[in-house]
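First the structure, in the form of structure tokens, and then the observations on it.
The figures here come from the full heavy-atom set of this structure, side chains too, leaving out hydrogens, waters and symmetry mates. Residues take their numbers from the sequence shown, with the count starting at 1.
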Amino acid sequence: MTVRRSLFLHSHLRRRPYDMLRSMLAQVDPATPPHGPDGPVAALERRVAALLGTDEALFFPSGTMAQQVALRIHADRRGRRAFAAHPQCHLEVWEQQGYAVVHGLRFQPVGDRHRLITLADLAAVAEPLAAAVWTPG
């Protein structure tokens, strides 16, 4: 069996994000305010919404920020502050519990830290949850 691997993601341009961002910024008029309806962020959001076929899209500078906002939306809609996730979830281990500080959310660790979450683990959570977070194993 022959295994072929694309080197596209390892190209010179992909390994130099600073240069790529600089070239993108050079395409924006320096007089354009970064925020507002005519700024580059709004243009990016409109373009992504069109590509995805949705009415709107939001740009978040980090995945952690986006994940916390998604959790907050579920918490507000359900009227619950707790979410469940694996004990080694990056929101708990690496993000200094920003979900609690910024959004007032509570983390419920689910299952054993040395294995993936099971349905039985989730069913064992006594508190009603706003959401559950699964990350690739």
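The closest side-chain heavy-atom distance from E95 to H90 is below 4.5 Å. Two residues are said to be in side-chain contact when any heavy atoms from C-beta on lie closer than 4.5 Å; W134 and L122 meet this criterion. The side-chain heavy atoms of F83 and L129, taken from C-beta on, include no pair separated by under 4.5 Å. Here the side chains of V110 and H86 are not in contact, with every heavy-atom distance at 4.5 Å or above.
In this structure, CD1 on I73 lies 14.5 Å from CZ on R78, to the nearest 0.5 angstrom. The CG atom of D55 sits 14.0 Å away from the CZ atom of R46 when rounded to the nearest 0.5 Å. From R81, atom CZ reaches atom CG of D76 across 5.0 Å, with rounding to the nearest 0.5 Å. From H74, atom NE2 reaches atom CZ of R77 across 7.0 Å, with rounding to the nearest 0.5 Å. Annotation: the span from C89 atom SG to Q108 atom CD amounts to 13.0 Å, rounded to 0.5 Å. Atoms CZ and CD, from R106 and E127 in turn, are 4.0 Å apart once rounded to the nearest 0.5 Å.
Across all their heavy atoms, G111 and P87 have their closest contact at O-CG, 3.3 Å. Annotation for S62 and M65: closest pair OG-N, 3.1 Å, computed over non-hydrogen atoms. Contact detail for P37 and A42: the closest heavy-atom pair is O-CB, 3.7 Å. In plain terms, the two heavy atoms of F107 and A85 that are nearest each other are CE1-CB, 3.5 Å. For the residue pair P128 and A82, the shortest heavy atom distance occurs at O-CB, 4.2 Å.
Transitive grouping of hydrophobic side chains (ILVMFWY, heavy atoms separated by less than 4.5 Å) brings L52 and F59 into a common cluster. Residues V69 and L58 share a single hydrophobic cluster, defined by chaining ILVMFWY side chains whose heavy atoms lie under 4.5 Å apart. Hydrophobic clustering keeps L119 apart from L116 (ILVMFWY residues linked when any side-chain heavy atoms are closer than 4.5 Å, directly or through intermediates).
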request  = Please assess Q67 against Y99 for the test side-chain hydrogen bond (donor to acceptor under 3.5 Å, both in side chains), listing each intermediate value before the final yes or no.
outcome  = CA-CA 9 Å; Q67 195 170 35; Y99 57 82; over 6 Å; no
task = Any chance you could lay out the side chain to side chain contact (heavy atoms under 4.5 Å, CB included) test for D121 and R115, step after step, and finish with the verdict?
result = CA-CA 11 Å; D121 294 331; R115 63 176 174 75; 2.7 Å; yes
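Atom CZ of R47 has 12 or fewer heavy atoms from other residues, nucleotides or ligands within 6.0 Å.
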